[in-house]
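Everything below concerns the one structure shown next.
Just the heavy atoms: all of them, side chains too, but no hydrogens, waters or symmetry mates, feed the values below.
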Amino acid sequence: MTTSTGFDIRRIGGRIGAEVLGVDLSTDLGPAVVTEIGSALLEHKALVFRDQNLDDAGQLRFASLFGELTTAHPTVPSVDGQPNILPVDGDEGIRANHWHTDVTFVRTPPKASTLRGIVIPPYGGNTLIANAAAAYRDLPEPLRELADRLWAVHTNDHDYAAPRTEKAAEHRRRFVSRTYRTAHPVVRVHPETGERGLFIGGFAQSIVGLGPSDSRDLLRVLQSYVTRPENIVRVAWAPGDLVLFDNRITQHYAPDDYGDLPRLLHRVTVAGDVPAGIDGTLSHVVEGDDASHYTPAAA
């Protein structure tokens with residue numbers, strides 16, 4: 001599809017994902033182009049921009065077109081001298097080898113995330129992104145009606161796999177250096193499109209009102225709909241690529257399948273709003289604070 005401003009959008013997945021062709025993100029993008037990219041993001045959930053070769057300043061400039069930026073992370077250090085950029089460095093033990101939505105353990109998770117490929121292994125190291133709205137639509141009606149009423153507690157402090165290296169262990173210690181627990185609706189209403197999506201993922205550890213065993217079982221059933229192959233797009237990286245995805249209605253996963261090879265991405269996230277359930281009830285903090293050092297309240 002060719003947009004009115006002259007760039008092309010090519011679907012790369014049946015239910016999620018598109019490549020944007022004919023846009024140079026290093027240039028000053030006019031308001032009409034930004035609006036059309038934003039509309040494409042709402043429709044396709046994840047957009048891939050190939051061969052952009054941005055530097056840190058260019059990535060920050062592009063991400064800021066979609067709203068105020070968060071700092072890098074609530075607990076993990078940023079790139080030196082760049083408080084808004086998180087290094088996703090496989091060599092440092094930062095391997096998101098589980099399905100998740102970014103930073104859902106705070107009350108106001110990011111609206112959108114940008115990832116930029118810097119060092120890419122010759123094999124493996126892809127990123128999988130899933131459509132949580134399609135997953136919700138796939139639910140059988142009785143399960144959908146149940147999910148509509150559920151709330152889940154998300155936390156950064158839970159049982160991770162044992163770190164394999166001292167670097168990974170240090171990253172884990174930093175990640176949980178401040179504990180956050182936040183209750184979010186299991187079904188989130190997208191603030192712009194009104195779509196309903198399953199708002200769960202790896203940080204969702206318990207269902208409010210249920211014990212640990214029942215919580216795990218129910219979350220596993222709901223998560224299985226998110227990770228159906230038809231709801232996923234796989235992004236194979238090349239250095240210079242940039243991916244923009246809607247963090248309010250997707251999950252993503254970076255398989256740890258590249259051995260000891262280096263892999264480095266830089267992440268910049270756009271501040272979001274407080275999630276709302278289907279009755280309008282907003283998420284609330286269970287433990288910790290509102291993470292105002294990390295994310296400003298979005299307008």
Side-chain angles (χ1 to χ4, degrees), residues 20 23 25-47 49 52 54-88 100-116 129 132 154 156 178 180 182 184-185 188-195 197 199 201 203 242-252 265-276 280 282-285 288-299:
V20 179
V23 175
L25 301 185
S26 68
T27 64
D28 291 329
L29 303 179
V33 173
V34 174
T35 296
E36 290 194 329
I37 292 173
S39 296
L41 180 64
L42 294 178
E43 179 180 355
H44 299 289
K45 312 290 190 291
L47 301 177
F49 301 81
Q52 293 294 320
L54 296 177
D55 57 11
D56 285 342
Q59 183 176 5
L60 290 166
R61 183 176 61 249
F62 175 68
S64 68
L65 295 174
F66 301 95
E68 194 169 358
L69 302 182
T70 72
T71 56
H73 193 273
T75 57
V76 177
S78 68
V79 170
D80 287 345
Q82 297 285 3
N84 303 101
I85 300 178
L86 180 73
V88 182
H100 66 287
T101 298
D102 280 339
V103 201
T104 59
F105 47 85
V106 302
R107 183 169 182 254
T108 311
K111 163 187 175 180
S113 295
T114 67
L115 289 172
R116 175 168 59 97
I129 309 174
H154 297 230
N156 62 323
R178 183 186 303 193
Y180 292 93
T182 301
H184 292 299
R188 179 181 184 176
V189 177
H190 194 286
E192 294 185 72
T193 66
E195 286 183 287
F199 198 62
F203 298 121
L242 183 137
V243 173
L244 168 67
F245 57 86
D246 190 331
N247 196 59
R248 299 164 293 188
I249 204 157
T250 62
Q251 290 183 29
H252 56 284
L265 309 178
H266 278 183
R267 188 183 85 185
V268 177
T269 48
V270 182
D273 58 351
V274 179
L282 299 178
S283 303
H284 61 274
V285 173
D289 53 33
D290 63 0
S292 58
H293 68 290
Y294 162 67
T295 181

If you take all heavy atoms of [X] and [Y], which pair is closest and at what distance?
X: His184; Y: Thr104; result: NE2-O, 2.7 Å
X: Pro110; Y: Tyr294; result: CG-OH, 3.1 Å
X: Leu41; Y: Asp246; result: CD1-N, 3.7 Å
X: Pro109; Y: Asn247; result: CB-ND2, 4.3 Å
X: Val106; Y: Ala291; result: CG1-CB, 3.8 Å
X: Gly272; Y: Thr108; result: O-CG2, 2.8 Å

Are any non-hydrogen side-chain atoms of [X] and [Y] less than 4.5 angstrom apart?
X: Thr27; Y: Leu29; result: yes
X: His100; Y: His252; result: yes
X: Phe199; Y: Ser283; result: no
X: Leu265; Y: Val243; result: no
X: Glu195; Y: Leu42; result: no
X: Tyr180; Y: Val103; result: no

Criterion side-chain contact (heavy atoms from CB on, under 4.5 Å) on Thr193 and Glu43, from CA distance to verdict:
CA-CA 9 Å; Thr193 66; Glu43 179 180 355; over 6 Å; no
[X] (side chain) donor-acceptor with [Y] (main chain) under 3.5 angstrom:
X: Thr114; Y: Val268; result: yes
X: Gln52; Y: Leu242; result: no
X: His154; Y: Arg107; result: no
X: Thr250; Y: Thr101; result: no

Gap separating the [atom1] atom of [X] from the [atom2] atom of [Y], nearest 0.5 angstrom:
X: Phe203; Y: Gln251; atom1: CZ; atom2: CD; answer: 10.5 Å
X: Ile37; Y: Leu25; atom1: CD1; atom2: CG; answer: 6.5 Å
X: His266; Y: Leu86; atom1: NE2; atom2: CG; answer: 8.5 Å
X: Gln59; Y: Ser26; atom1: CD; atom2: OG; answer: 13.5 Å
X: Arg248; Y: Lys45; atom1: CZ; atom2: NZ; answer: 10.0 Å

Apply salt bridge (charged side-chain N to carboxylate O under 4.0 Å, His left out) to residues Asp273 and Arg188 and explain how you reach the verdict.
CA-CA 12 Å; Asp273 58 351; Arg188 179 181 184 176; 2.8 Å; yes
With sequence neighbours left out, what residues match Thr182 under side-chain hydrogen bond (donor to acceptor under 3.5 Å, both in side chains)?
none
Would you please name every residue forming a side-chain hydrogen bond (donor to acceptor under 3.5 Å, both in side chains) with Thr70, sequence neighbours left out?
Thr269
Could you tell me whether Arg178 and Asp289 have a side-chain N and a carboxylate O separated by less than 4.0 Å?
yes
Derivation of the side-chain contact (heavy atoms from CB on, under 4.5 Å) call for Leu244 and Phe66
CA-CA 10 Å; Leu244 168 67; Phe66 301 95; 4.1 Å; yes
Please list all pairs passing the side chain to side chain donor-acceptor pair (under 3.5 Å) test where one or both residues lie in residues 75-85, with sequence neighbours left out.
His73-Thr75
